[in-house]
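The next block holds one structure in the form of structure tokens; read it before the comments.
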Amino acid sequence: MLIRLTGIKKIYQVGVETIHALDGVDLQVDANEFVAIMGPSGSGKSTLMNILGCLDRPTHGTYELAGEQTSRMGGSALARVRNQRIGFVFQSFELMPRFSAVRNVALPLTYSPDGWSNRRRKALDALARVNLADRAAHRPNQLSGGQKQRVAIARALINQPDILLADEPTGNLDSRTTEDILKLLVQLHREGQTIIIVTHERDVAACAQRVIHMHDGRIHSDQPVEQDPDVGSVVAAKRQRDSQEAV
Ligand SMILES: Nc1ncnc2c1ncn2[C@@H]1O[C@H](COP(=O)(O)OP(=O)(O)OP(=O)(O)O)[C@@H](O)[C@H]1O
Ligand SMILES: [Mg+2]
């Protein structure tokens, strides 16, 4: 068992209002699963991802990651877990605008004992894994949306994380680029990567093996799905919708 969440609650107090962003979540994920999380806006998906990624702590409950109780860890131990065990990809890429692609990818290695030439070599390897070796010197504003997201994925992979977490990674991308990113995620999963992705799109979720629906801070359903082996056909449906919307 890679991930074990037990009785997770996240409560926000805003003025007089109490918000139960997560209201008792139990979840277990094994290594090499590919999980999609769906659910309406405000149902707690990002809150759950932030807790899984150790970017945030629950108000109640426990989170065991790879046999370690994260709830008992202090700030620096948690930062180490985040750096070593988690790769996070966001809808808005979150790249450093003044840094080249290779320097962005190398950022998680900043505190490693490696010198720059080793860090650079590792970052170039990671860029090659996402088929972007030829854009290493480009800054984010010199890259397309899909290329930016591939840089972000390379950065997320650089420390060989136990889990790749992606919160709506295709939310800002068109259907062609979504197809590229989904193919990449499916390929990484085949290579053994554990992946948890949040998406609003059913056809994106079809790339996963298991789909969790959230509602009002709780897991409403959790079901295995037949993984669609043909990302192309999945995305064709999305492309058709895009062109209908464009009309
Ligand atoms: N920092 C915060 N302070 C107060 N309330 C918050 C905070 N972050 C999230 N919430 C509230 O918690 C609930 C869950 O938010 P969350 O961002 O997890 O939703 P989501 O499922 O990711 O939605 P979306 O699909 O729109 O991204 C929402 O009601 C939101 O308003
Ligand atoms: Mg969200």
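The basis for the numbers below is simple: all heavy atoms, side chains too, and nothing from hydrogens, waters or symmetry mates. Starting from 1, each residue takes its place in the sequence as its number. Order of listing sets the numbers, starting from 1, for every ligand and every atom in it.
Rounding to the nearest 0.5 Å places CD of Gln13 at 3.5 Å from OG1 of Thr18. The CZ atom of Arg139 lies 13.0 Å from the CG atom of Leu95; values are rounded to the nearest 0.5 Å. The structure places CD1 of Ile163 at 11.5 Å from CD of Glu33, a figure rounded to the nearest 0.5 Å. From Leu185, atom CG reaches atom OG1 of Thr178 across 10.5 Å, with rounding to the nearest 0.5 Å.
Inter-residue side-chain proximity for Asn83 and Asn159 is flagged as met; some heavy-atom pair is nearer than 4.5 Å. Put simply, the side chain of Ile196 reaches to within 4.5 Å of the side chain of Ile3, judged on heavy atoms. Counting heavy atoms from C-beta outward, Thr194 and Leu164 have side chains that stay 4.5 Å or more apart.
Remark: minimum distance from atom 17 (O) of ligand 1 to any protein heavy atom is reached at Ser46 CB, 3.7 Å. The nearest heavy-atom contact from the protein to atom 25 (O) of ligand 1 is Lys45 NZ, 2.7 Å. Counting only heavy atoms of the protein, atom 11 (C) of ligand 1 lies nearest to Ile19 CG2, 3.9 Å. The protein atom (non-hydrogen) at minimum distance from atom 26 (O) of ligand 1 is Ser41 OG, 2.5 Å. For atom 1 (N) of ligand 1, the nearest non-hydrogen atom of the protein is Tyr12 CE2, 3.5 Å. Of all protein heavy atoms, the one closest to atom 12 (O) of ligand 1 is Ala21 CB, 3.3 Å.
Salt bridge status for Arg119 with Asp114: absent, with no side-chain N to carboxylate O gap under 4.0 Å.
No more than 12 heavy atoms of other residues, nucleotides or ligands sit less than 6.0 Å from atom CZ of Arg120.
Asn50 and Thr47 share no donor-acceptor pair across their side chains, judged by distance under 3.5 Å alone. For the 3.5 Å distance criterion, the side chains of Asn118 and Arg121 qualify, holding a donor opposite an acceptor.
Taking a 4.0 Å cut-off on heavy atoms, Gly42 registers as neighbouring ligand 1. Residue Met49 places every heavy atom at 4.0 Å or more from ligand 1. At least one heavy atom of Pro40 sits closer than 4.0 Å to an atom of ligand 1.
The shortest N/O to N/O separation between Gly44 and ligand 1 falls below 3.5 Å.
Under a 4.0 Å criterion applied to the non-hydrogen atoms of Thr47, ligand 1 contributes the atoms 14 (C), 15 (O), 16 (P), 18 (O). Listed by number with element, the atoms of ligand 1 under 4.0 Å from a non-hydrogen atom of Ser43 are 19 (O), 21 (O).
Coordination check, Ser46 versus the Mg ion (ligand 2): passed, since an N/O/S atom of the residue sits under 2.8 Å.
Only the side chain of His200 comes within 4.0 Å of ligand 1, judged by heavy-atom distances. Only the side chain of Val14 comes within contact range of ligand 1, with a heavy atom under 4.0 Å; no backbone atom does.
Remark: atom 7 (C) of ligand 1 lies closer than 4.0 Å to at least one protein heavy atom. When distances from atom 31 (O) of ligand 1 to the protein are checked, no heavy atom turns up under 4.0 Å.
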